[in-house]
Amino acid sequence: MSNAYLSLSRVDMAFGANVVLKGIDLAVQRGEFISLIGHSGCGKSTVLNIVAGLLKASSGGVIVDGREVNAPGPDRAVVFQNHSLLPWLTVYQNVELAVDKIFRGSRTKAERKDWILHNLAMVNMSHALERLPSEISGGMKQRVGIARALAMEPKVLLLDEPFGALDALTRAHLQDEVIRIQSELGNTVLMITHDVDEAVLMSDRVVMMTNGPAATIGQVMEVPLERPRNRIALAENPAYNHCRQEILSFLYEKQRKVEVLAARGSVRTPSLLSSRA
Ligand SMILES: Nc1ncnc2c1ncn2[C@@H]1O[C@H](COP(=O)(O)OP(=O)(O)OP(=O)(O)O)[C@@H](O)[C@H]1O
């Protein structure tokens with residue numbers, strides 16, 4: 001735990017009487033890509049919001065690079081499923097706003113401009129700098145959101161279903177771009193997803209959450225696939241298929257059994273599987 005770049009220790013979260021999270025422990029190394037997967041409503045966004053500093057855990061804590069998190073900060077950039085661009089600013093200005101806020105005191109205007117252009121080029125948006133969000137597609141808006149997050153040079157990139165609202169082809173393109181950028185920059189990433197293939201394709205480890213209430217980490221799986229990863233070649237890779245099976249089995253067999261037992265009153269809480277497998 002001690003040498004982790006990002007760590008969550010004994011995080012509990014309750015909204016009134018609704019105990020959403022119980023005993024979340026996770027240690028993430030610098031440069032690691034972690035996916036968080038679990039059934040709808042189990043508490044994935046709550047975990048991410050606690051790391052972002054948007055929510056305060058009821059107990060336990062989060063440490064990023066040796067510092068306790070207790071508020072939002074530029075060291076943790078968030079990309080949400082539904083792009084959060086300001087509609088009255090152009091693509092360029094949306095990124096500029098974040099860059100100016102963080103680097104006004106440390107970089108010249110020319111340096112900041114180069115940096116904005118560089119980050120928009122990384123997500124292939126150089127052709128649309130002057131367009132408003134209403135004039136670009138959903139996938140393009142997500143690209144700008146990712147460029148804006150990367151331009152903040154965050155210690156940790158927090159992605160809350162960043163591809164969830166996109167069609168399959170756009171989603172695949174953008175996944176590939178994020179994979180490429182992460183391999184170039186070595187970002188530490190925590191990503192929420194519902195998509196088993198996406199989790200395996202993109203992650204170093206997949207963190208599987210038990211069903212709520214009182215959700216916790218049920219299983220953590222290493223993805224033993226070399227990078228760069230090729231989505232087409234992976235389809236026939238036994239290790240890739242094994243990883244998919246493992247997640248599917250967790251989500252649709254192990255978690256389902258707990259649900260059934262809980263419904264029959266045989267178990268007291270759905271966190272029966274809380275010990276890491
Ligand atoms: N601000 C809040 N106030 C009260 N309850 C909340 C709040 N945020 C989340 N919850 C509750 O916490 C639980 C977990 O929600 P959360 O959004 O974290 O789940 P999730 O796994 O991300 O869901 P999904 O996959 O559907 O997005 C839900 O019961 C939700 O109603």
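Note that ligands are numbered from 1 as they come in the structure, with each ligand's atoms numbered from 1 the same way.
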- Message: Which of the numbered atoms in ligand 1 are under 4.0 angstrom from any heavy atom belonging to Asn18?
- Response: 29 (O)

- Message: Please determine whether a side-chain nitrogen of the Lys or Arg among Glu32 and Arg205 lies less than 4.0 Å from a carboxylate oxygen of the Asp or Glu.
- Response: yes

- One finds that the ligand 1 atoms under 4.0 Å from a non-hydrogen atom of Thr46 are 9 (C), 14 (C), 15 (O), 16 (P), 18 (O)

- Message: For His39 and Tyr252, I'd like to know if the aromatic rings sit close, meaning centre-to-centre distance below 6.0 Å.
- Response: yes

- Look at Arg231 together with Asp197 and state whether they make a salt bridge at an N to O cut-off of under 4.0 Å. no

- Contact check: Gly43 vs ligand 1, nitrogen or oxygen atoms, below 3.5 angstrom: yes

- Note on the structure: Short version for Asn49: what comes under 4.0 Å of ligand 1, heavy atoms counted, is neither

- Item | Top protein contact for atom 23 (O) of ligand 1, by heavy-atom distance | Gly41 N, 2.9 Å

- Item | Contact partition for Val20 relative to ligand 1, non-hydrogen atoms under 4.0 Å | side chain

- Message: With side chain to side chain donor-acceptor pair (under 3.5 Å) as the criterion, how do Gln81 and Gln142 come out once you've worked through the C-alpha distance, each side chain's angles and the decisive distance to 0.1 Å?
- Response: CA-CA 8 Å; Gln81 174 174 356; Gln142 269 322 67; over 6 Å; no

- Query: For ligand 1, which atoms have a heavy atom of Cys42 less than 4.0 angstrom away?
  - Reply: 19 (O), 21 (O)

- Can you tell which part of His194 has a heavy atom less than 4.0 Å from ligand 1: side chain, backbone, both or neither? side chain

- Query: Below 4.0 angstrom, N of the basic side chain to O of the carboxylate: do Glu153 and Arg107 qualify?
  - Reply: yes

- Query: Of all the heavy atoms in Met13, does at least one lie under 4.0 Å from an atom in ligand 1?
  - Reply: no

- Message: Under 4.0 Å and counting heavy atoms only, is there anything from the protein next to atom 8 (N) of ligand 1?
- Response: yes

- For Gly38 and ligand 1, answer yes if some heavy atom of the residue is under 4.0 Å from a ligand atom, otherwise no. no

